[in-house]
Amino acid sequence: MSNLKSGVISRRKALSLLGLATLGLTVPVTVLTVSDAEAQAQQPAPAAPVTGTERRQERRTGRVKRRTGRRAARRKGRAERRELRREGGEEKK
């Protein structure tokens with residue numbers, strides 16, 4: 001211990017010492033803090049697709065189903081209106 005240097009400390013060393021001192025004061029406080037909260041049981045992850053490609057494919061499939069539903073409804077509506085026009089034309093005679 002007799003060969004201690006009384007030289008100048010660089011800024012880098014001074015800042016690292018200051019950081020270590022701050023860390024030394026902060027860690028015991030966080031470690032000693034006790035919470036009464038109980039651990040929550042992990043809920044199973046939803047059955048959602050994992051990759052972006054799978055999510056994209058799911059969106060596309062949904063769009064196609066909605067589109068075909070709308071088209072079928074329009075087709076049905078047109079057929080009903082067509083029948084009404086045909087029946088209405090015969091009644092006028």
Side-chain angles (χ1 to χ4, degrees):
M1 292 270 179
S2 61
N3 37 342
L4 287 174
K5 294 181 181 178
S6 61
V8 182
I9 298 177
S10 69
R11 276 186 261 167
R12 183 176 290 169
K13 287 183 181 179
L15 286 175
S16 67
L17 287 174
L18 181 65
L20 288 174
T22 306
L23 183 66
L25 293 174
T26 312
V27 170
V29 173
T30 57
V31 170
L32 294 176
T33 305
V34 178
S35 175
D36 293 335
E38 295 180 12
Q40 295 179 352
Q42 280 210 342
Q43 297 178 357
V50 178
T51 64
T53 305
E54 290 172 348
R55 286 193 307 265
R56 187 179 320 114
Q57 187 62 39
E58 190 173 290
R59 286 194 311 265
R60 288 179 178 175
T61 304
R63 282 196 300 261
V64 168
K65 287 181 180 179
R66 289 192 305 270
R67 187 182 313 133
T68 54
R70 287 192 307 262
R71 288 177 180 171
R74 282 196 303 257
R75 225 176 276 126
K76 181 180 176 185
R78 282 194 297 261
E80 289 174 357
R81 288 190 300 273
R82 188 179 311 121
E83 284 298 315
L84 285 175
R85 282 194 307 267
R86 286 181 182 170
E87 291 172 2
E90 292 174 3
E91 291 177 1
K92 289 182 181 177
K93 289 185 180 179

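Please read all numbers here as calculations on a predicted model, not as lab measurements.
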Asker: Arg59 and Arg63: side chain to side chain contact (heavy atoms under 4.5 Å, CB included), yes or no, with the steps?
Answerer: CA-CA 6 Å; Arg59 286 194 311 265; Arg63 282 196 300 261; 4.2 Å; yes
Asker: Just to verify, which of Lys76, Arg82, Glu83 counts as forming a side-chain contact (heavy atoms from CB on, under 4.5 Å) with Glu80?
Answerer: Lys76
Asker: With a cut-off of 6.0 Å (strictly less than), are more than 12 heavy atoms of other residues, nucleotides or ligands near CZ of Arg74?
Answerer: yes
Asker: Rounded to the nearest 0.5 Å, how far does OG1 of Thr53 lie from CD of Glu58?
Answerer: 12.5 Å
